[in-house]
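Accompanying notes for the structure given below.
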Amino acid sequence: MTFCAVASWNNIMKNNIWWYRRLYLGNEAGKKKDILKKLESGMHPKLYLLVLPSNKANLLDILPQPVLSQAHYKKVSLYAVGAAWTKTEAMELAGQIVMEAYKATGTTDVAAYLGDDFLECPEFPEKNLYREWKP
């Protein structure tokens, strides 16, 4: 496994999280260095990860970071598409992602829209945190 700041975050999740190449971040989640610091330094009850759905009934799953230390999550791979600092921000970000998928494809199938562009470590754009919506 390639070392990155996120990979050193809590050995529990070291091999279980795959990051969307262009990770969506909520406004409060901040800049690259802030989110990496938060992930590296352990559990944060206000940090939420948006991951591809665990079942077909969901569009996205919103998971508070402390939940990820439960035994179930040690055994499954998660595909993180976004990070937010509060539950409200996570819900707003999920809505933005779903709307983007709908505008681009005419469906709410977020997983199909995002594809399989996942990495061991997220890449953060310098200035633009969200992709431009195309009508």
Side-chain angles (χ1 to χ4, degrees):
M1 175 175 215
T2 307
F3 176 79
C4 69
V6 175
S8 67
W9 164 65
N10 204 345
N11 288 335
I12 295 170
M13 295 308 300
K14 193 174 187 178
N15 297 315
N16 295 55
I17 296 180
W18 290 89
W19 300 90
Y20 184 58
R21 180 180 298 273
R22 295 188 294 185
L23 189 69
Y24 290 86
L25 296 175
N27 293 329
E28 295 297 318
K31 300 176 185 175
K32 174 183 176 179
K33 62 183 178 183
D34 296 336
I35 195 73
L36 290 178
K37 260 188 214 175
K38 291 168 188 168
L39 288 171
E40 281 184 316
S41 63
M43 295 297 161
H44 293 278
K46 291 185 177 183
L47 183 60
Y48 289 80
L49 292 181
L50 284 73
V51 299
L52 291 182
S54 56
N55 63 61
K56 292 183 181 190
N58 297 348
L59 299 175
L60 287 168
D61 291 343
I62 300 173
L63 303 172
Q65 187 190 18
V67 167
L68 300 176
S69 65
Q70 295 175 357
H72 166 73
Y73 292 106
K74 295 176 189 177
K75 300 173 188 171
V76 298
S77 292
L78 297 173
Y79 295 88
V81 298
W85 189 240
T86 65
K87 186 175 184 178
T88 300
E89 184 178 67
M91 291 186 294
E92 290 171 356
L93 186 58
Q96 289 177 346
I97 296 169
V98 171
M99 286 300 298
E100 182 178 319
Y102 183 76
K103 285 185 175 193
T105 67
T107 72
T108 57
D109 188 351
V110 174
Y113 170 67
L114 296 176
D116 60 356
D117 199 8
F118 289 88
L119 308 168
E120 291 178 355
C121 303
E123 292 179 356
F124 293 90
E126 291 297 319
K127 296 180 182 177
N128 298 323
L129 298 180
Y130 301 102
R131 290 188 287 171
E132 293 296 321
W133 285 9
K134 296 178 183 175

T108 and V98, any side-chain heavy atoms less than 4.5 Å apart: yes
Nearest heavy-atom neighbours spanning L93 and A84: CD2-CB, 4.5 Å
Full working for side-chain contact (heavy atoms from CB on, under 4.5 Å) between V67 and Y73: CA-CA 8 Å; V67 167; Y73 292 106; 3.4 Å; yes
Hydrophobic cluster identity match, Y102 and I97, side-chain contacts under 4.5 Å: no
Heavy-atom pair with the smallest gap, counting every atom of L49 and A83: CD2-CB, 4.0 Å
Pairwise side-chain contact, V110 with V81, heavy-atom cut-off 4.5 Å (strictly under): no
Side chains of L114 and Y79 in contact at under 4.5 Å (non-hydrogen atoms): no
Shortest non-hydrogen contact between A80 and I17, atoms and distance: CB-CG2, 4.0 Å
T105-T107 side chain donor-acceptor pair, cut-off 3.5 Å: yes
D117 side chain vs Y20 backbone, donor-acceptor pair below 3.5 Å: no
Gap between atom CG of L78 and atom CG of L50 - 0.5 Å precision: 12.0 Å
Over all atoms of both residues, closest heavy-atom pair of L63 and V51: CD1-CG2, 3.8 Å
N58 versus D61, closest heavy-atom pair with distance: ND2-OD1, 2.8 Å
CD-CD distance between E89 and E92, expressed to the nearest 0.5 angstrom: 7.0 Å
Cluster link Y113 to I62, ILVMFWY, side chain under 4.5 Å: yes
Closest non-hydrogen atom pair between K87 and Y48, with its separation: N-CE1, 3.3 Å
